[in-house]
Amino acid sequence: MVQSQQSPLALVVLISGNGSNLQAIIDAIHRGELPATIRAVISNRPQALGLERAQRAGIPAMVIDHHRFADRDSFDAALQTAIDAYQPALVVLAGFMRILSPAFVRHYHGRMLNVHPSLLPAFRGLDTHRRVLAAGVTEHGLSIHFVTAELDGGPVIIQNKVPILVGDDAATLAARVQDAEHRLYPRVIRWFAEGRVRLHDHQILFDGRPLAAPLSEEAA
Ligand code: GRF
């Protein structure tokens, strides 16, 4: 039995930079393709371009600068308080470049998503496009996953391959991966809104059934 979430689904989006995924989510909502509302955008960096994108869309935008905190736990505690004031049903990490403490991650278990630019579990961490090219692998892509305490290690909902073309550099490859991110992230959030995807302990349920392997765009 698939139980849909509140409609529209209340989101808080966390960013650190450009915010192109945030923009894709805003655009999908405006086109009527995503039954969600972004209650706030929070950045840990004051100069993040995504803050302007939020303001342009009339979304409350807030900075919680991690430099102003003595340690990770106090930053995470302040971030959690700020997020919870908006009572989101889902927290969306969209280029949020911070490692999160286990207590913070536990608090949002099953209601926090991340998009990572690699075919996880390959190439966890930063700078994936350059590392993929340096490794000479033939496939690259992206993964959208629930966030758990293990860095880039949470259960993957969907994964899409992206070709590596002759002459690619990190920028061209990143752009191709991001195109796919912008298509898929709003779609996964819609599944969450519709109750089609959820996390039970550490098992993803899709349409009420355990997901044995990540979905792909074609399969979905
Ligand atoms: C994305 O490529 C995402 O995979 C990674 O950070 C990047 C953020 O880009 N986590 P943007 O800020 O959404 O443009």
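Whatever order the structure lists them in is the order used to number ligands and atoms, beginning at 1.
Listed for the D168 side chain is a donor-acceptor partner under 3.5 Å among the backbone atoms of L165. Side-chain atoms of H116 come within 3.5 Å of backbone N or O of F123 as a donor-acceptor pair.
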side-chain hydrogen bond (donor to acceptor under 3.5 Å, both in side chains) between H140 and H129, intermediate numbers included | CA-CA 8 Å; H140 190 30; H129 310 297; 2.9 Å; yes
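Considering backbone and side-chain atoms alike, L22 places every N or O at 3.5 Å or more from each N or O of ligand 1. Residue Q178 has at least one N or O atom closer than 3.5 Å to an N or O atom of ligand 1. Between M97 and ligand 1, no pair of N/O atoms sits closer than 3.5 Å.
Scanning both residues, S118 and S143, for their nearest heavy atoms gives O-OG, 2.7 Å.
Each of the following atoms of ligand 1 lies closer than 4.0 Å to a heavy atom of S20: 11 (P), 12 (O), 13 (O), 14 (O). Under a 4.0 Å criterion applied to the non-hydrogen atoms of G95, ligand 1 contributes the atoms 6 (O), 8 (C), 10 (N). Remark: ligand 1 atoms within the under-4.0 Å shell around heavy atoms of N18 are 12 (O), 14 (O). For ligand 1, the atoms sitting less than 4.0 Å from at least one non-hydrogen atom of E181 are 1 (C), 2 (O), 3 (C), 4 (O), numbered in the order shown with element in parentheses.
Among all non-hydrogen protein atoms, the one lying nearest atom 12 (O) of ligand 1 is G19 N, 2.8 Å.
Salt bridge status for R187 with E33: absent, with no side-chain N to carboxylate O gap under 4.0 Å. Using a 4.0 Å cut-off between a side-chain N of Lys or Arg and a carboxylate O of Asp or Glu, E217 and R183 qualify as a salt bridge. Between D179 and R176, none of the side-chain N atoms (NZ, or NE/NH1/NH2) sits under 4.0 Å from a carboxylate O, so this pair counts as no salt bridge.
A cation-pi arrangement is found for R98 relative to F75, the charged atom lying closer than 6.0 Å to the ring centre and inside a 45° cone about the ring normal.
Not a single heavy atom of G50 sits under 4.0 Å from any atom of ligand 1. Residue-ligand proximity: V115 is placed with a non-hydrogen atom under 4.0 Å from ligand 1.
Nearest-residue assignment for atom 13 (O) of ligand 1 (options L93, V13, N21; heavy-atom criterion): N21.
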